[in-house]
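Source: prediction; values computed, not measured. For the numbers below, each heavy atom of this structure counts, side chains included, while hydrogens, waters and symmetry mates do not. A note on names: the letters A, B, ... follow the listed sequences, proteins ahead of strands, and every chain is numbered from 1.
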Amino acid sequence: MCIQTLKNKEGNRSGFWTAEEDQKLAQVIQLHGPTKWQSLAINAGLNRSGKSCRLRWMNYLRPNIKRGNISDQEEDLILRLHKLLGNRWSLIAGRLPGRTDNEIKNYWNSHLSKKIMKQNKEKQTKKKKKLVQEMIKEVDHNYHNDYNHNHNGYYDNDIGCSKRNEIISIFDQDNYYLNSTLWDEPLNLVWMSNFLEVDETNNN
DNA sequence: AAAAAAGTCAACCGCCACGAT
DNA sequence: AATCGTGGCGGTTGACTTTTT
């Protein structure tokens with residue numbers, strides 16, 4: 001791995017820590033305790049900011065740190081705590097022994113946020129489908145009872161048209177499946193339900 | 001095989017709170 | 001009361017890795 005040799009604004013080293021730096025920091029903390037980070041950095045002979053030293057200690061060097069392999073129980077706890085507390089990572093981490101706020105935050109951003117988004121999308125799709133199915137049923141009812149339905153099979157009464165409009169707007173918000181040609185066709189419920197099936201397979 | 005895209009995560013930055021002076 | 005130093009936090013970056021094309 002290539003080790004960065006960047007410097008920050010104050011001219012201190014920045015970027016990934018080397019094993020040698022870790023060792024120096026751990027030694028000086030053993031002597032003086034994890035406080036006064038600015039002077040610790042100097043005592044350790046590290047050309048690092050106090051903040052950088054503190055972060056390295058808190059997230060990687062301090063004892064009893066757990067890294068990786070977040071269990072199902074931990075994940076469940078993170079999800080529930082996030083629902084309760086929002087992005088208050090240090091509070092959440094405080095309830096998970098050995099875990100750091102940074103790790104929880106990273107785990108959330110790279111795993112859980114997508115998972116949650118997917119779950120929400122699925123719920124929304126389910127809801128939408130149910131609604132559309134109910135409306136189709138309603139239109140179907142009108143279709144068979146409406147004397148304005150003309151001899152070509154066109155569906156031209158006002159209620160039916162507005163219902164059809166509603167269905168299109170709910171079902172096809174992205175204008176993805178349906179297009180304006182729908183208006184030139186009788187409302188074909190079988191045809192409509194084909195799209196519902198397509199929708200279902202796309203989301204699995 | 002290689003280039004591009006997507007994912008991961010360690011570390012930085014800016015901001016804020018708080019205690020000391 | 002004002003200023004300064006320090007610690008703590010969350011958002012974000014970007015180097016590196018992995019997956020996809």
- line: Here the gap from A:Leu91 atom CG to A:Ile104 atom CD1, rounded to the nearest 0.5 Å, amounts to 11.5 Å

- request: Flag the pair A:Asn120 / A:Met117 as yes when at least one side-chain heavy-atom distance between them is below 4.5 Å, and no otherwise.
  value: no

query: Just wondering, do A:His111 and A:Ile116 contact through their side chains at under 4.5 Å, heavy atoms?
result: no

In whole angstrom, give the distance that lies between atom [atom1] of [X] and atom [atom2] of [N].
X: A:Leu40; N: C:dT6; atom1: CG; atom2: P; answer: 11 Å
X: A:Met117; N: B:dA6; atom1: CE; atom2: P; answer: 14 Å
X: A:Lys114; N: C:dT19; atom1: NZ; atom2: C1'; answer: 13 Å
X: A:Asn47; N: B:dA11; atom1: CG; atom2: P; answer: 16 Å

field: A:Thr18 vs A:Arg13, side-chain contact (heavy atoms from CB on, under 4.5 Å): CA-CA, chis, key distance, verdict
entry: CA-CA 11 Å; A:Thr18 63; A:Arg13 241 182 73 77; 4.2 Å; yes

- request: Remember a base hit wins even if backbone is also touched, and classify A:Lys36 as base, sugar-phosphate or nothing at under 4.0 Å, heavy atoms.
  value: sugar-phosphate

message: So, using side chain to side chain donor-acceptor pair (under 3.5 Å) as the criterion, who are the partners of A:Asn109 when residues are at least two apart?
response: none

- request: Not counting sequence neighbours, which residues clear side chain to side chain donor-acceptor pair (under 3.5 Å) with A:Glu75? List them please.
  value: A:Tyr107, A:Lys115

Would you give me the side-chain donor-acceptor pairs under 3.5 Å for residues 29-46 of chain A, sequence neighbours excluded?
{"residue": "A:His32", "atom": "ND1", "partner": "A:Val28", "partner atom": "O", "Å": "3.3"}
{"residue": "A:Ser39", "atom": "OG", "partner": "A:Lys36", "partner atom": "O", "Å": "3.1"}
{"residue": "A:Asn43", "atom": "ND2", "partner": "A:Ser39", "partner atom": "O", "Å": "3.4"}

message: Which Ile, Leu, Val, Met, Phe, Trp or Tyr residues join A:Ile65 in one cluster when any pair of side-chain heavy atoms under 4.5 Å counts as a link?
response: none

Which ones in [range] lie close to DNA chain C, meaning a heavy atom under 4.0 Å from one of its atoms?
range: residues 85-95 of chain A; value: A:Asn87, A:Arg88, A:Trp89, A:Ser90
range: residues 52-75 of chain A; value: A:Arg54
range: residues 96-111 of chain A; value: A:Lys105, A:Asn109

- prompt: Got a sec, which pairs hit salt bridge (charged side-chain N to carboxylate O under 4.0 Å, His left out) with one end in residues 42-53 of chain A, sequence neighbours left out?
  reply: A:Glu21-A:Arg48

query: How would you list all residue pairs meeting side-chain hydrogen bond (donor to acceptor under 3.5 Å, both in side chains) that involve residues 89-100 of chain A, not counting sequence neighbours?
result: A:Glu74-A:Arg99, A:Arg99-A:Glu103

message: Holding to side-chain contact (heavy atoms from CB on, under 4.5 Å), I want the full list of residues that pass it with A:Asp22, two or more places apart in sequence or in another chain.
response: A:Trp17, A:Arg56, A:Leu61

message: For the backbone of A:Met58 and the side chain of A:Arg62, can you confirm whether one donor and one acceptor N or O come within less than 3.5 Å of each other?
response: yes

Donor-acceptor pairs under 3.5 Å, side chain of residues 76-88 of chain A to any protein atom, not counting sequence neighbours: which ones?
{"residue": "A:Asp76", "atom": "OD2", "partner": "A:Arg80", "partner atom": "NE", "Å": "3.2"}
{"residue": "A:Asp76", "atom": "OD2", "partner": "A:Arg80", "partner atom": "NH2", "Å": "3.4"}
{"residue": "A:His82", "atom": "NE2", "partner": "A:Asn87", "partner atom": "OD1", "Å": "2.7"}

Each nucleotide N or O in nucleotides 18-21 of chain B that has a protein N or O under 3.5 Å away: list the pair and distance.
none

task: Report yes or no: is there a donor-acceptor pair, N or O only, under 3.5 Å between the side chain of A:Lys51 and the base of B:dG14?
output: yes

task: Name the pairing partner of B:dC15, where a pair is Watson-Crick or G-U wobble with both distances under 3.5 Å, or state none.
output: C:dG8

